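Computation of the quantities below employed the complete heavy-atom set of this structure, encompassing side-chain atoms and omitting hydrogens, waters and symmetry-equivalent molecules. Because the structure is a prediction, the values reported are computed rather than measured.
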Amino acid sequence: MGVRIKRWTRDEYERLVVAGHFHPEARLQLIRGEIVEMTPQSAAHATAVDAVLHALLGIFREGHQVRAQFPLALSDDSEPEPDLAVVRGHRGDYSRSHPSSALLVVEVADTTLAFDRGPKLAMYALAGIPEYWILNLPDRALEVYREPTGDRYRVTRRLGPQETVAPVAAPDVRLQVADLLP
């Protein structure tokens with residue numbers, strides 16, 4: 001008999017969480033059926049998440065919520081906890097279930113760059129997330145992915161610190177990439 005890999009559903013994963021199967025401080029997420037342990041945050045990572053959070057809070061107000069490191073119920077086998085997600089609605093809208101989509105998802109990458117460009121990018125594209133940003137700390141760049149098609153994005157751009165970006169959901173507002181970096 002060969003090796004069998006157990007793929008988890010979001011429902012199974014949530015039942016394990018509720019039953020206390022994992023340590024309360026464990027940082028886990030479900031990515032395409034696999035329970036993935038998140039790496040500890042460096043000071044630079046935490047600073048960048050905070051910078052992006054404040055920038056997005058300045059743009060997305062009424063009718064939107066900027067969520068920091070909270071779950072997205074993207075599919076039957078994926079419940080990631082992106083560093084940031086901009087979702088439609090208000091805080092009370094998600095008291096019974098996590099949002100199932102987002103207008104923009106942002107991952108801050110230092111040690112997780114390959115994972116964020118690989119499995120996470122594919123998962124977000126398959127879920128139809130219209131815009132995905134990777135704040136690439138080692139290269140001091142913002143990678144912008146737009147127009148999901150299958151498990152990829154049709155449009156990709158890499159922006160340096162001197163450049164600006166306008167979210168698709170707020171095209172009249174420009175953010176300086178340098179302001180997002182630690």
Side-chain angles (χ1 to χ4, degrees), residues 2-17 22 26-42 45 48-49 52-53 56 60 64-88 94 97-160 165-170 177 180-181:
V3 174
R4 291 179 42 191
I5 296 173
K6 165 67 174 145
R7 297 271 181 199
W8 299 92
T9 66
R10 192 167 47 81
D11 186 53
E12 290 170 326
Y13 172 70
E14 287 181 357
R15 284 198 309 256
L16 290 171
V17 170
F22 304 114
R27 297 185 65 237
L28 306 170
Q29 55 188 329
L30 183 67
I31 308 294
R32 300 180 80 181
E34 296 181 357
I35 298 173
V36 177
E37 188 172 14
M38 297 185 292
T39 59
Q41 291 186 35
S42 68
H45 184 279
V49 169
V52 178
L53 172 64
L56 294 177
F60 295 100
H64 297 93
Q65 188 180 14
V66 181
R67 297 168 55 95
Q69 300 173 335
F70 292 147
L72 288 175
L74 294 184
S75 68
D76 288 341
D77 69 351
S78 292
E79 188 173 291
E81 295 186 17
D83 286 316
L84 295 149
V86 177
V87 301
R88 291 187 195 281
Y94 303 111
S97 63
H98 300 302
S100 59
S101 188
L103 300 172
L104 169 64
V105 168
V106 182
E107 294 286 3
V108 174
D110 41 14
T111 61
T112 60
L113 193 54
F115 190 70
D116 293 335
R117 285 179 178 157
K120 278 203 171 173
L121 181 144
M123 174 190 58
Y124 292 135
L126 283 168
I129 302 297
E131 186 167 24
Y132 173 45
W133 293 357
I134 299 174
L135 189 59
N136 177 336
L137 297 185
D139 296 336
R140 297 191 51 77
L142 179 66
E143 299 176 15
V144 178
Y145 300 89
R146 294 177 174 157
E147 298 181 22
T149 179
D151 65 353
R152 294 281 166 234
Y153 283 86
R154 187 181 337 267
V155 176
T156 63
R157 291 187 59 209
R158 182 182 168 109
L159 305 172
V165 63
V168 169
V177 173
L180 307 178
L181 293 163

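- No side-chain heavy atom of Ser100 sits under 4.5 Å from any side-chain heavy atom of Leu72.
- Listed here is the closest heavy atom pair of Arg152 and Arg117: NH1-O, 4.3 Å.
- Here the closest heavy-atom approach between residue Asp151 and residue Leu121 is recorded as O-CD2, 3.8 Å.
- Distance check, rounded to the nearest 0.5 Å: CZ of Phe115 to OG1 of Thr39 gives 10.0 Å.
- Leu113 CG to Leu137 CG: the interatomic distance, rounded to the nearest 0.5 Å, is 9.0 Å.
- Put simply, the side chain of Arg7 does not reach to within 4.5 Å of the side chain of Asp77, judged on heavy atoms.
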Run the side chain to side chain contact (heavy atoms under 4.5 Å, CB included) check on Asp83 and Val52 step by step: do they pass? CA-CA 9 Å; Asp83 286 316; Val52 178; over 6 Å; no
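- Val86 places none of its side-chain heavy atoms less than 4.5 Å from the side chain of Gln65.
- Closest heavy-atom contact between Glu131 and Ala169: OE1-N, 4.4 Å.
- Counting heavy atoms from C-beta outward, Asp110 and Ser42 have side chains that approach closer than 4.5 Å.
- With sequence neighbours excluded, the residues satisfying salt bridge (Lys or Arg N to Asp or Glu O under 4.0 Å) with Arg158 are Asp139, Glu143.
- Thr156 places no side-chain N or O within 3.5 Å of a backbone atom of Tyr145 that could act as its donor or acceptor partner.
- The shortest distance between side-chain heavy atoms of Tyr124 and Pro80 falls below 4.5 Å.
- Closest of all the heavy-atom pairs between Leu180 and Leu135 is O-CD2, 3.2 Å.
- Looking at Asn136 and Asp116, their side chains never come closer than 4.5 Å, going by heavy atoms from C-beta outward.
- Closest non-hydrogen pair, Val66 versus Leu53, comes out as CG1-CD1, 3.6 Å.
- Glu107 pairs by the salt bridge (Lys or Arg N to Asp or Glu O under 4.0 Å) definition with Lys120, not counting sequence neighbours.
- When all heavy atoms of Tyr94 and Arg67 are compared, the pair lying nearest together is CB-NH1, 3.9 Å.
- Contact check for Val168 versus Leu103: no side-chain heavy atoms found under the 4.5 Å cut-off.
- Counting heavy atoms from C-beta outward, Tyr132 and Pro148 have side chains that stay 4.5 Å or more apart.
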